[in-house]
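To start, the structure itself, in structure tokens.
To find a chain, count down the sequence lines: A is the first, B the second, and so on, and within it residues start at 1.
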Protein chains: 2
Amino acid sequence: MMEIFYRRSKEHGLKITPQRTAIYQELLKAKDHPTADVIYKRIVKKIPNISFDTVNRTLLTFSKIGITNVVEGYGQPKRYDPDIAVHHHFRCLQCNTIIDFHSKDYDSMAVPDEIKKQFTVINKKVVLEGLCNKCRRR
Amino acid sequence: MMEIFYRRSKEHGLKITPQRTAIYQELLKAKDHPTADVIYKRIVKKIPNISFDTVNRTLLTFSKIGITNVVEGYGQPKRYDPDIAVHHHFRCLQCNTIIDFHSKDYDSMAVPDEIKKQFTVINKKVVLEGLCNKCRRR
DNA sequence: AACTATATAGGAATTATTCCTATTTGTCAA
DNA sequence: TTGACAAATAGGAATAATTCCTATATAGTT
Ligand SMILES: [Mn+2]
Ligand SMILES: [Mn+2]
Ligand SMILES: [Zn+2]
Ligand SMILES: [Zn+2]
């Protein structure tokens with residue numbers, strides 16, 4: 001999995017720094033679609049003098065070169081996703097938990113011609129929202 | 001269209017104030033999924049001493065009682081939508097234009113059982129991203 | 001080993017959102 | 001109609017999230 005990190009970084013002329021490597025690895029491990037701040041708090045235990053700005057900037061850079069993603073949401077802190085394969089999300093409106101799921105049916109849905117004609121569609125995802133089982137029985 | 005505004009406000013014990021009425025009408029007119037700040041700037045021409053906080057708070061309240069929506073996005077300022085009917089969005093990654101579109105096929109897609117079992121799904125939407133024609137030829 | 005363009009740390013600045021509170025006002029019931 | 005009062009507003013302050021600034025450090029190259 002580090003393969004893509006090295007390759008894409010090279011392709012975009014980005015230097016491989018200990019900070020970038022650590023940030024990428026930390027995000028790879030994450031299953032919770034964490035915010036920049038959460039990643040920072042996890043990583044600062046290993047690299048005590050890393051700055052928040054570096055973490056934040058790096059996560060944005062990663063998303064720009066396509067090795068991570070920003071999860072669609074409703075404002076507030078951005079949440080990052082190390083999984084760049086096609087997949088979809090369920091989001092709990094109460095506790096903001098984001099759950100991955102996969103669906104062949106969703107993936108294969110055609111983009112309406114109306115849109116295809118006017119725009120260049122780069123990606124397509126389904127967002128489900130509602131309540132997780134913890135929040136349902138509140 | 002004001003009907004739903006009065007009815008839902010009553011249902012939720014919200015007072016009908018000139019500010020709320022103006023904010024709702026202003027958003028109804030909007031075709032651009034505006035931010036709270038944009039709505040504020042439009043409305044302050046008519047109600048010069050309205051405060052930004054009132055606009056912001058009111059838009060959040062409206063979304064909470066379901067007479068407007070927050071558009072899914074990638075952080076930054078929240079964007080509001082007066083259209084509460086089921087529809088989907090195309091978003092330009094360059095200029096952040098958000099375009100509505102409708103699709104019977106998308107609307108009728110089933111939620112995977114895996115998700116249905118675990119969660120209460122309240123809504124489902126498709127997000128398309130890419131470049132609008134203005135940004136394509138940059 | 002030296003060079004240099006890029007990256008980082010740390011703090012400041014900016015932007016977005018929310019909070020605080022004195023005052024005003026919509027609603028309801030008398 | 002009028003008075004009572006819970007709710008809403010204005011205006012400013014506070015907080016949260018993100019981005020900018022710049023002196024110093026460093027990865028990648030020669
Ligand atoms: Mn995901
Ligand atoms: Mn819309
Ligand atoms: Zn939940
Ligand atoms: Zn565009």
Quick one: closest heavy-atom pair of [X] and [Y], and the distance?
X: A/L28; Y: A/P82; result: CA-CB, 3.8 Å
X: A/F90; Y: B/V121; result: CE1-CG2, 4.1 Å
X: B/V111; Y: A/Y106; result: CA-OH, 3.4 Å

To the nearest Å, give me how far apart [atom1] ([X]) and [atom2] ([N]) are.
X: A/I23; N: C/dA9; atom1: CD1; atom2: C1'; value: 12 Å
X: A/R20; N: C/dA9; atom1: CZ; atom2: P; value: 11 Å
X: B/F52; N: C/dT15; atom1: CZ; atom2: P; value: 13 Å
X: B/I39; N: C/dT17; atom1: CD1; atom2: P; value: 13 Å

With a 4.0 Å cut-off on heavy atoms, is [X] in touch with a base, just the backbone sugar-phosphate, or nothing at all?
X: B/N49; result: sugar-phosphate
X: A/D53; result: base
X: A/P48; result: nothing

Hey, does B/Y24 have a side-chain heavy atom less than 4.5 Å from the side chain of B/I67?
yes
Hey, is A/E72 close enough to B/R91 for a salt bridge, meaning N to O under 4.0 Å?
no
Salt-bridge criterion met for B/D113 and B/K117 (N-O under 4.0 Å):
no
With a 4.0 Å cutoff (strictly under), does any side-chain N or O of A/Q19 reach OP1 or OP2 of C/dA9?
yes
Can you see if the side chain of A/R57 gets near the phosphate of C/dT8 - specifically, an N or O under 4.0 Å from OP1 or OP2?
yes
Donor-acceptor check, side chain of A/R20 to backbone of A/F62, threshold 3.5 angstrom: yes or no?
no
On DNA chain D, reading 5' to 3', which nucleotide is the first and which the last to sit with an atom under 4.0 Å from a heavy atom of chain B, could you check?
D/dA6 to D/dT19
Roughly what angle, to 10°, lies between the helix axis at the start of the helix from C/dA1-D/dT30 to C/dA30-D/dT1 and the one at its end, five pairs per end?
40°
Distance-only side-chain donor-acceptor flag, B/H88 / B/D107, under 3.5 Å
yes
Checking B/D100 now: which residues fulfil side-chain contact (heavy atoms from CB on, under 4.5 Å) with it, not counting sequence neighbours?
B/H33, B/D81, B/H87, B/H89
Which comes earlier along DNA chain D counting from the 5' end, the contact point of B/S51 or that of A/D37, where each point is its nearest nucleotide?
B/S51
Whichever of B/T35 and B/T17 has its nearest DNA chain C nucleotide further upstream toward 5'
B/T35
